[in-house]
Visitor: 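Below is one structure. I have some questions about it.
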Protein chains: 2
Amino acid sequence: MARTKRIDDDTLMTKLTQTFRDYGYEGASLNILSKATGLQKASLYHRFPGGKEEMALEVLNRAGNWVGENIVAPLTTDISPEKKIKIMSKKLDEFYTGGNNSCLLNMLASPEMVKGPFTSHIKEAFEVWIKTLSNVLVESGLSRKESRKRAENAIAMLQGSLVMSRGMNDPKLFKSFLKNLPNMLLDNK
Amino acid sequence: MARTKRIDDDTLMTKLTQTFRDYGYEGASLNILSKATGLQKASLYHRFPGGKEEMALEVLNRAGNWVGENIVAPLTTDISPEKKIKIMSKKLDEFYTGGNNSCLLNMLASPEMVKGPFTSHIKEAFEVWIKTLSNVLVESGLSRKESRKRAENAIAMLQGSLVMSRGMNDPKLFKSFLKNLPNMLLDNK
DNA sequence: GTCTATAGTAAGATAGAC
DNA sequence: GTCTATCTTACTATAGAC
C-alpha cells in the first residue's frame with residue numbers, strides 16, 4: 001500500500017485552495033498546508049515538486065477554470081442578459097460561500113514592487129472577468145464605455161464587500177452586494 | 001553618541017506603515033522592516049519591545065488617528081455635505097497615494113478562524129468609518145437606511161478599487177472611484 | 001539609542017525507507 | 001504515494017558592547 005492516494009487530486013486542491021484563501025501566500029506555511037490536507041510535507045512535495053509556489057499556481061489556475069466554466073461560460077450563451085446575471089450571482093454566492101471566503105486574487109496578490117509569480121495570472125484574471133461581463137452589458141443595450149465602467153464597478157464592489165466581510169467578520173455586506181448586483185449592472189440610467 | 005535617534009519617530013512610523021501596506025503582516029519580515037527603516041533588528045526591538053506585533057498595532061493606531069483627524073473630523077464640522085465629501089476625496093487620494101498604496105485594513109486582516117491581534121481594531125475602524133460617513137449623508141437629507149447603505153457601498157468600492165489597482169498594477173480604478181465618489185454618495189435617487 | 005553577534009525556533013525543501 | 005528524519009535557510013527575538 002501507500003501506493004494509493006490518501007486524498008484524491010480534486011479534494012486535495014480544494015483543501016489547498018481553502019488554506020490559501022484563509023491565510024494568504026505567506027501565511028500558509030507548509031505545516032498549515034500539511035495539516036489542512038492530511039499529507040506530510042514530503043508528500044506534498046511529491047505531488048508538487050515546485051513546492052508552495054507550484055501549489056498556489058495550480059490553485060490559481062483551477063480557480064480560473066472554475067470561473068471560466070461556471071461564470072464566464074454562462075455569460076456567453078444565448079439566454080437573456082437578465083438570466084445571465086442571475087446565474088452569475090448564484091455562482092458567485094457559491095464560489096465565495098456566502099461571503100465567508102476571501103478572493104484568491106486578493107490573498108495571493110504580491111507587493112507591487114516585487115513582482116511575484118502570480119502577478120500576471122491575477123492581472124489577466126481581472127481583465128478577462130471585466131471584459132466578459134462588459135460584453136454581456138453591451139448585449140443588453142448599454143454603450144461599450146458604460147458597460148466597461150459598470151463591469152469594473154461591479155467587480156470592485158465584489159472585492160470590497162469581501163474585504164469588509166472578512167474585516168468585520170460578518171458576510172452581510174457580501175450578501176447585500178449580491179442582492180443589488182442585477183440592478184447595479186442592468187438598470188437603465 | 002548613538003544616544004541620538006537615527007530616525008525620528010514619525011518618519012519611522014511612516015516607513016513601517018509603508019512596509020506593512022506593501023507586504024502584509026506575514027510578508028513584512030524583520031529583515032525587510034530593518035532595511036526599510038535603516039535600523040537594525042535590535043534597534044527596532046528597542047523601540048518596540050513587543051516586536052513585529054507591536055509595530056503593526058502602532059501602525060494601525062497611527063493610521064486610525066490620521067483618518068480621525070483628516071477624514072472624520074472634517075466630516076463633523078459645519079460646512080456643507082458637498083464640501084465635506086470633496087475634502088474627504090482629496091484626503092483619501094493623499095492617504096492612498098493615488099491608488100498606489102493598499103489599505104492596512106486589508107493587508108493586516110487575519111484569517112477569520114484564527115482571530116489575530118488586529119481583528120478588533122480593524123472591525124472597529126470599519127464601523128466608525130461607516131457611521132461617520134453615514135451621518136453626513138443623513139445630514140444631507142437622505143434617510144438613515146439609505147445613508148448607511150451608501151456609506152457601506154462607498155467604502156466597499158474604495159476597498160475593491162484598491163484591491164484591483166494592486167492586482168492589475170494600475171491605479172486607474174482607484175482614480176475613477178474617487179471621481180465618482182461625490183455622485184455615489186450625494187445623488188438624489 | 002544603535003550596533004554586532006548569537007540564540008532559538010520555524011520556515012521551505014530533500015533523502016531514503018517502506 | 002506516503003512517511004520519518006534531516007538539512008539549510010530564514011525568521012523572531014535577546015544579550016551585551018559602545
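Convention: sequence-line order gives letters A, B, ...; per-chain numbering from 1. Keep in mind the model is a prediction, meaning the values are calculated, not measured.
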Visitor: For B:Lys41, report the nucleic acid contact type (base, sugar-phosphate, nothing); a contact means any heavy atom under 4.0 Å.
Guide: base
Visitor: Are B:Lys84 and B:Leu133 packed together at the side-chain level, in the sense that at least one heavy-atom pair is separated by less than 4.5 angstrom?
Guide: no
Visitor: Taking CZ from A:Arg47 and P from C:dA13, how many angstroms apart are they, rounded to a whole number?
Guide: 18 Å
Visitor: Counting side-chain heavy atoms from CB outward, which of C:dA11, C:dT14, D:dG1 is closest to A:Lys5?
Guide: D:dG1
Visitor: So, is A:Asn31 near the phosphate of C:dA11, with a side-chain N or O under 4.0 Å from OP1 or OP2?
Guide: yes
Visitor: Rounded to whole angstroms, how far apart are CG on B:Leu30 and P on D:dT12?
Guide: 4 Å
Visitor: Just one of B:Asp93, B:Asn100, B:Asn101 clears the side-chain hydrogen bond (donor to acceptor under 3.5 Å, both in side chains) bar with B:Thr97, so which one?
Guide: B:Asn101
Visitor: Going by heavy atoms in the side chains, are B:Lys5 and B:Asp9 under 4.5 Å from each other?
Guide: yes
Visitor: Checking contacts here: which listed nucleotide (C:dT4, C:dG12, D:dT12) is nearest the side-chain heavy atoms of A:Ser29?
Guide: C:dG12
Visitor: Can you check whether B:Arg148 reaches B:Val138 side chain to side chain, under 4.5 Å on heavy atoms?
Guide: no
Visitor: Round to a whole Å and report the spacing from CD of B:Gln40 to C1' of D:dT12.
Guide: 15 Å
Visitor: Side chain of A:Leu39: nearest nucleotide among D:dT14, C:dT14, D:dC3?
Guide: D:dC3
Visitor: Quickly work out the B:His46 NE2 to D:dC18 P distance and round it to whole Å.
Guide: 18 Å
Visitor: Judged by each residue's nearest nucleotide on DNA chain C, which is more toward the 5′ side, B:Ser43 or A:Ala28?
Guide: B:Ser43
Visitor: For the pair made of NZ in B:Lys35 and C1' in D:dT12, what is the distance, rounded to whole Å?
Guide: 16 Å
Visitor: Rounding to a whole Å, what distance do you find between B:Tyr25:OH and D:dC11:P?
Guide: 14 Å
Visitor: Whole Å only: how far is the CZ atom of B:Phe48 from the P atom of C:dT2?
Guide: 11 Å
Visitor: Under a 4.5 Å cut-off applied to non-hydrogen side-chain atoms, are B:Arg150 and B:Ser147 in contact?
Guide: no
Visitor: Find the distance B:Tyr45:OH to C:dT6:P and express it as a whole number of Å.
Guide: 19 Å
